[in-house]
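The sequence lines fix the lettering, A, B, ..., with proteins before strands; numbering per chain opens at 1. When reading the values below, keep in mind they use all heavy atoms of this one structure, side chains included, and skip hydrogens, waters and symmetry mates. Here the structure is a predicted model, which is why all the values come from computation and not from measurement.
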There are 2 protein chains.
Amino acid sequence: MATLKEIAREAGVSVSTVSLVVNGKPCVSQDKRQRVIEIIRARKYVPNYAARALRKRHAARTYAIGVLTPAPLIAFSSSSHVYRIIAGAEQAVKQKKYHLVLGSLEPLAEGIFHLPRMLEAGEVDGILIISTAALEMEKIVGSVASFSTPVVLCGYPGQDFNLPSVLIDNEKAAYEATLALLKSGYPKVATITGPLSYPSAAARLRGYRLALVENGLFPDETLVEEGDFSELSGAEAMKRLLRHLTPPFGVFVAGDFMAKGALNVLAASGVRVPEQAGVFGFDDVEYVVQSTKPALSSVRAPWEEVGRQAVSYLLALPSSGTAPPTIMLPCELKVRGSSNPNGGGSC
Amino acid sequence: MATLKEIAREAGVSVSTVSLVVNGKPCVSQDKRQRVIEIIRARKYVPNYAARALRKRHAARTYAIGVLTPAPLIAFSSSSHVYRIIAGAEQAVKQKKYHLVLGSLEPLAEGIFHLPRMLEAGEVDGILIISTAALEMEKIVGSVASFSTPVVLCGYPGQDFNLPSVLIDNEKAAYEATLALLKSGYPKVATITGPLSYPSAAARLRGYRLALVENGLFPDETLVEEGDFSELSGAEAMKRLLRHLTPPFGVFVAGDFMAKGALNVLAASGVRVPEQAGVFGFDDVEYVVQSTKPALSSVRAPWEEVGRQAVSYLLALPSSGTAPPTIMLPCELKVRGSSNPNGGGSC
DNA sequence: CTGAAAGCGCTTACAG
DNA sequence: CTGAAAGCGCTTACAG
């Protein structure tokens with residue numbers, strides 16, 4: 001690899017001049033510039049990144065944003081929000097000539113995580129932490145906070161870590177999905193929740209209740225059943241609901257897999273969807289919503305946009321310590337056959 | 001940020017001694033080592049990566065592997081092999097304390113690509129290039145070849161670029177899928193191909209033909225129809241096939257979306273699957289194979305393993321220039337209801 | 001417009 | 001076992 005010095009010698013100029021040319025500074029005469037550029041081409045000179053960074057000291061950027069996932073990527077299903085956030089973030093960094101660096105947490109033991117090297121040596125200009133609905137973030141956030149690298153948390157709202165965050169608004173989405181069921185004409189609406197120890201599951205339940213109350217319906221606790229996001233748990237929750245519940249009714253289900261289980265039970269029980277019962281899921285998992293009959297209405301979270309906004313926050317982060325803002329992005333309702341008795345339930 | 005020199009002054013030792021401690025070299029007395037470590041802790045010293053890399057010159061590793069995708073991630077569907085290769089690669093680099101750096105190609109104009117900075121400045125120790133079935137790789141491979149960074153190509157076999165490659169064996173997989181249809185008892189087997197200008201589509205056709213010939217069947221060109229991987233094109237190709245084809249027969253379809261279209265046409269034409277016709281897809285797209293009735297048999301490529309093998313090749317790459325090897329990984333047959341007349345086609 | 005020189009933070013022979 | 005010193009490749013005031 002050629003160095004500045006070698007180029008300078010060959011061109012018969014000083015290293016300063018070569019440096020100026022390389023960095024596109026204007027104050028170099030035409031002929032010298034020309035000569036230097038030719039030699040750079042011929043020798044395939046590439047600036048030494050490390051030397052440059054060293055010289056520019058702390059002003060030096062790495063032009064990299066780290067993405068910290070709560071587990072190795074292989075652990076996530078292809079429909080996971082993790083991939084969608086990464087795709088959005090990549091789109092956003094690209095325009096600014098940044099790269100994404102992937103690092104993942106490896107749980108070693110109870111609450112002990114192996115942190116990727118990325119976090120330690122100031123190798124990135126900012127870190128985007130992806131959280132899951134369930135993840136305990138205390139340890140991680142604690143470790144990260146001791147570094148000076150800017151951080152932004154992406155994912156589901158949970159405990160307040162006093163970190164800049166881009167989150168999706170679970171409560172509002174649940175509120176709107178429940179409202180949609182009521183508006184579709186179902187006189188009462190039940191819900192199947194996720195594990196209520198998860199902040200996001202609790203938030204979805206709050207949104208559901210709010211919609212009922214605002215419409216003059218008294219929240220009836222026999223209409224609330226808890227699942228664990230699995231298809232089986234959704235089926236069992238639906239069976240329990242059917243003990244008290246007679247059609248017509250709506251069910252807001254806090255996850256698409258559970259909703260699929262619920263639909264199966266309704267079909268087996270002879271309850272016609274959407275005529276006698278409307279079902280609304282959550283997460284808009286492509287291969288679930290397309291595989292049910294009728295197609296499942298669901299809540300779609302804007303995860304790509306979460307990634308994009310997190311990056312633009314990191315890249316614009318002022319060095320002054322302003323209070324960490326929290327952005328809550330709204331979700332979109334995808335109304336399909338399962339909750340739409342007026343639109344022809346066959347599609 | 002504290003520097004070695006500051007730590008040395010505070011500890012009353014020379015910078016050499018601090019450097020030795022930081023790098024875990026043994027030849028330092030216990031008490032000095034102790035003192036230095038304490039001060040490093042207290043001052044939260046972090047070694048300057050750039051200085052280290054600069055000093056170690058070319059021996060310095062970046063501990064990063066670049067992943068070059070043929071387009072921004074946002075352009076790929078969640079079922080894309082791109083995500084699966086990345087997940088496998090991440091798993092592999094993790095064990096060696098490496099990171100993955102994401103970079104993507106942006107087609108600017110006809111054959112002109114904007115190359116990510118990652119490729120230019122020796123910022124990574126190796127580059128994993130992901131190709132698609134259709135991608136023209138000439139330009140990219142040419143640009144990359146002029147750098148000294150080791151490269152490995154991942155994806156579908158195509159033109160021979162004389163690069164180390166980890167590919168999936170399309171031909172063999174097509175051969176096996178066709179054979180499976182014959183073994184299931186379908187006396188003749190047709191095929192719906194992808195665009196035959198794609199090397200991978202052509203390879204799948206070769207595999208199909210080989211299976212026929214080996215079983216004493218004369219390749220009949222009226223049994224070959226070309227599609228473009230879309231569901232619609234699969235439906236139309238199936239319609240064309242049905243002009244000459246009477247049950248029982250099998251169809252090897254070179255893509256799951258086309259297979260779905262074909263299944264729809266068979267159902268509409270009153271041909272029962274798998275009793276009268278067997279269908280085998282390709283790619284094992286989760287939300288397609290699960291949504292058809294009966295469930296679609298398909299070929300599953302080991303993309304995670306492709307990523308893993310590519311990384312282990314890059315990390316073990318000898319500096320001497322041996323001929324670039326090419327690894328062809330076999331695919332797995334996922335036999336489901338659509339091609340299995342004996343297993344009860346209802347599942 | 002151009003060159004000589006200092007120095008970024010670190011590692012590494014080289015003496016002691 | 002320990003320290004003084006050179007130098008990695010670059011940028012940047014500073015003189016001219």
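With hydrogens and angles left out, the side-chain atoms of A/T17 and A/S14 include a donor and acceptor closer than 3.5 Å. For the residue pair B/K94/A/S104, the side-chain donor-acceptor check at 3.5 Å is satisfied. A side-chain N or O of B/E305 and one of B/Q309 form a donor-acceptor pair less than 3.5 Å apart.
With rounding to whole Å, A/L4 atom CG is found 4 Å from D/dC10 atom P. Atom CD1 in B/I7 sits roughly 13 Å away from atom C1' in C/dC10 (whole-Å rounding). Per the geometry, CZ belonging to B/R9 stands 13 Å off P belonging to C/dC10, to the nearest Å. A straight line from CD1 of A/I40 to C1' of D/dC10 spans 13 Å, rounded to a whole angstrom.
Separating the CD1 atom in B/I65 from the CD1 atom in B/I127 is a distance of 9.0 Å, to the nearest 0.5 Å.
Stem analysis of DNA chain C (Watson-Crick or G-U pairs, both distances under 3.5 Å, runs of at least three) returns C:1-3 with D:14-16, C:5-12 with D:5-12, C:14-16 with D:1-3.
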Can you pull every protein N or O that's under 3.5 Å from an N or O on nucleotides 2-6 of chain D?
| residue | atom | partner | partner atom | Å |
| --- | --- | --- | --- | --- |
| D/dT2 | OP1 | B/S29 | OG | 2.7 |
| D/dT2 | OP2 | B/S29 | N | 2.7 |
| D/dT2 | OP2 | B/S29 | OG | 3.4 |
| D/dT2 | O3' | B/K32 | NZ | 3.4 |
| D/dG3 | OP1 | B/K32 | NZ | 3.3 |
| D/dG3 | OP2 | B/S14 | N | 3.1 |
| D/dG3 | OP2 | B/S14 | OG | 3.2 |
| D/dG3 | OP2 | B/T17 | OG1 | 2.7 |
| D/dA4 | N6 | B/S16 | OG | 2.6 |

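A side-chain donor-acceptor contact under 3.5 Å links A/R35 to the backbone of A/A11.
Note: B/Y156 and B/W303 have perpendicular aromatic rings, judged against thresholds of 30 and 60 degrees for the angle between ring planes.
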